[in-house]
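Note sheet for the following structure.
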Amino acid sequence: MYEITKKKVLANVGGARTTLMVVKAPDVARVCLPGQFVMIRVNETGERIPLTVADFDRDRGEVTIVFQEVGKTTKLLGTLEEGEFIQDFVGPLGKATPADKKYGTVVAIGGGCGSAIAYPVARAFKDAGNYLITINGARSMDFLIYRDEMKSISDEWYETTDDGSCGVHGFVTTVLADLIEKGRDIDLVFAVGPVPMMKFVAKTTESKGIHTIVSLNSIMVDGTGMCGACRVSVGGQMKFSCVDGPEFDGHQVDFDELMRRLEAYKEKEAISLEEWEKQAGGR
Amino acid sequence: MADEKPKRKRKPPTKKVPMPEQDPDVRRRNFEEVALGYTAEQAIEEAMKCLQCRNPKCISGCPVEVPIKQFVELVQEGKFVEAAMKIKETNSLPAVCGRVCPQETQCEASCIYGIRNEPIAIGRLERFVADFARQKGEDLPELPPKIGKKVAVIGCGPAGLTCAGDLILLGYDVTIFEAFHKGGGVLQYGIPEFRLPKDIVDAEIEYLQRLGVDIKYNFVIGKIRTIKELMEVDGYEAVFIGSGAGAPNFMHIEGMNLVDVFSANEFLTRVNLMKGYRFPEYDTPVNIGNKVAVIGGGNVAMDAARTSLRLGAEEVYIVYRRAREQMPARAEEIHHAEEEGVQFKLLMNPVEVLGDGAKHVIGMKCIRMELGEPDASGRRRPVPIPNSEFVLDVDMVIVAIGNSPNPIIPSTTPGLSVSKWGTIEIDEETGMTTVPGVFAGGDIVTGAATVISAMGAGKRAARGIHEYLSKN
Ligand SMILES: Cc1cc2nc3c(=O)[nH]c(=O)nc-3n(C[C@H](O)[C@H](O)[C@H](O)COP(=O)(O)OP(=O)(O)OC[C@H]3O[C@@H](n4cnc5c(N)ncnc54)[C@H](O)[C@@H]3O)c2cc1C
Ligand code: FES
């Protein structure tokens, strides 16, 4: 059992919440690195889902997770309060981002909830002496998270919203394409967010041959390489996101296949949520 | 005529006392255990046939040398608890082994009574006495004084459980580190409830905990802590690696990443460990097609096929590239699968899984095979018959063609020598790896094998560890 020591709703737009939790898990906090993830199970009847490490505090033995409350499991998790417990919390899993190296100019892009995941990675790039440009994007202003955090570590900082309610009117790729257009020297792009976003980021950088790392959110069961649920095609080869990733070369990933695989349990997920909401709005 | 001797009449060969079972038509749609177990009368009747051979052959057919002759004699006398204790002298998981061991190639294969008859049903008797004793409530054996040395066991499968059990009985402090949130390894996540009820696995694990074994779940060694840290920081003086062969193999053919294609590991883990068959009461979903092809011919394939039926598939095919005689599954599993309506497509090999262009499987293209010359394993090698391709009409495919060792531990343990297949290399005698104080056994050493051989390896390593720590 893993105690929730802090909970904060980062965004709440018409009930669609993005929530942050700090969890007491000293053994995980001791060794986890930006880019890695944990597998959690909320309670005894729960499923196992992966959540990327959004931050960690080794001294306090705490790990931060940020999640969008979209399905039964994330909504159920969202009902837990400070002082309550998560049943299982396994990690750190997957490979860390190679963010402790100096590349030169790095663009770190976070879309939606992905900003929370991009943040510790971006910070590590900055700490390693890179010139850091961040692009933080969301549907509209109310969905933008980690704004101050991103700003505080960036040498250059952009925000985009699809509806123009804040920052640049457009997508993260609008800004990225613009930077490339202007002939800015970019050595590395790191992107995490919705699959279509990562796909278009990779498309944008491909012709210029800018190395682009994306962090994939495949469906997972164990998270340790023993089931293959998380398999993706990278450069025409089968890879397991949980052990070979979750980060891959964005120019090699078959995003369309990933999108199809992410929908594998769509109907079942809807049933699960519906059943749960019927029972007194969950809990 | 008068002096012609009457011919000595030989009794016709006997058969095993039949195992009471759920009717195939009923059980193919439920997850309750298939075999119901002997009654006391049936067990005694079966045991009475045992010849109590002076030089029994059965015992040497058992990888952990269960004192079969003695325990069967105790059954003959109706001393069931004593019989179970006799087995437990060398086998800590009799209720499991009685259910899942391939007896037909082990103890029962060498049964002398079995030369002319069906062999004594040793597995069924083992199961009976173990269940009997468990229901009675077992006393704990007396524990020796603590030696004051700590040993870490990685993996809570049969290899790890056996090693831990033997070490605690020798007086060591033992901690098991398990990646999952539940123990048992394949017994928990792989073998289905209808073949091995999880209550039994849980009871065996609880028994070890009562003996003082500490189990830390959610601990992926190599990630949260390395073996080096366990030894240098945490003070474990020896480590046993029993991490199994958990990484699923896929075929190198088109269509493997389609949404309706699953590894048997994923499918079975969703159903067994995560209780997906009770969705939506349990949150983990599991998909099932109408016509399911399971590729492979081992126990894993049989389990996946029979689970598919129970989840509601109309037609289930086992697609296997060799002939029936070469199927590595236990005879009983093949028999049960067939009774339940699983259809066997033998001497066939998939060459492509066909998709509808979006995400669904709409068929599986196979080629017919014939048996050629024997290969390295001594089995006749299947070779494709040219131009014999055809499409099997299926909408879901489960791949059960074996597992490889998970590389997490080898890749984080410097100095640990592995084979080209990724299995850990050990000294056969002691079970020690190339890293001093680090031992290994089970599927991580042999590749996917059997419960009992993993247990045998756990035992050997426990002996090896005891010797090592007695010297150092
Ligand atoms: C579906 C199926 C059916 C089978 N049916 C039969 C049968 O009928 N009869 C038979 O004899 N055999 C059968 N087998 C084979 C048998 O189950 C295995 O050979 C046996 O379980 C191997 O035991 P093990 O202890 O080596 O490994 P496992 O049972 O695989 O256990 C390994 C354990 O280690 C854990 N682990 C792995 N990596 C780490 C890590 N880094 N840190 C911590 N923990 C870790 C795993 O989570 C797991 O719990 C079957 C196998 C399968 C998959
Ligand atoms: S989640 Fe099971 S192998 Fe990656």
[atom1]/[X]: more than 12 non-hydrogen atoms of other groups inside 6.0 Å:
| X | atom1 | value |
| --- | --- | --- |
| B:K198 | NZ | yes |
| A:K7 | NZ | yes |
| B:K228 | NZ | no |
| A:Q237 | CD | no |
| B:E254 | CD | no |

What I'd like to find out is whether the side chain of [X] reaches to under 4.5 Å of the side chain of [Y], using heavy atoms alone.
| X | Y | result |
| --- | --- | --- |
| B:R270 | A:Y265 | yes |
| B:Y282 | A:E47 | no |
| A:I271 | B:F279 | yes |
| A:Y2 | B:N218 | yes |
| A:R41 | B:M274 | yes |

Where is the tightest heavy-atom contact between [X] and [Y], given as atom of each residue plus distance?
| X | Y | value |
| --- | --- | --- |
| A:G225 | B:P248 | O-CD, 3.7 Å |
| A:V221 | B:T269 | CG1-CG2, 3.9 Å |
| B:D283 | A:G46 | OD2-CA, 3.5 Å |
| A:E275 | B:P280 | CG-CG, 3.9 Å |
| A:M238 | B:N257 | CE-OD1, 3.4 Å |

Could you tell me which portion of A:F240 (side chain, backbone, both or neither) has an atom closer than 4.5 angstrom to a non-hydrogen atom of chain B?
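For A:F240, the side chain is the part near chain B, not the backbone.
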Check whether A:V232 gets within reach of chain B through its side chain, its backbone, both or neither, counting any heavy atom under 4.5 Å.
backbone
Look at [options] and state which one has the largest set of heavy-atom pairs under 4.5 Å with chain A.
| options | result |
| --- | --- |
| B:N403, B:I224, B:N265 | B:I224 |
| B:G276, B:P285, B:A247, B:P407 | B:P285 |
| B:F250, B:F180, B:F262 | B:F250 |

Using a cut-off of under 4.5 Å for heavy-atom pairs, which of [options] has the most such pairs with chain B?
| options | result |
| --- | --- |
| A:D256, A:T73, A:D254, A:L93 | A:L93 |
| A:E267, A:R48, A:M39 | A:R48 |
| A:V243, A:V31, A:I219 | A:V31 |

What parts of residues 50-66 of chain A touch chain B if we use heavy atoms and a cut-off under 4.5 Å?
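Under the 4.5 Å heavy-atom cut-off, nothing qualifies.
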What's the separation between atom [atom1] in [X] and atom [atom2] in [Y], rounded to the nearest 0.5 Å?
| X | Y | atom1 | atom2 | value |
| --- | --- | --- | --- | --- |
| B:E266 | A:C230 | CD | SG | 9.0 Å |
| B:K275 | A:T45 | NZ | OG1 | 11.5 Å |
| A:R260 | B:D260 | CZ | CG | 11.5 Å |

Contacting moiety of [X], where chain A heavy atoms sit under 4.5 Å:
| X | answer |
| --- | --- |
| B:V286 | backbone |
| B:L268 | neither |
| B:R225 | both |

Side-chain ([X]) to main-chain ([Y]) donor-acceptor, under 3.5 angstrom:
| X | Y | answer |
| --- | --- | --- |
| B:N287 | A:A264 | yes |
| B:K223 | A:V28 | no |
| A:R231 | B:M256 | yes |

Electrostatic pair A:R30-B:E229, nearest N-O below 4.0 angstrom:
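Answer for the salt bridge query: yes.
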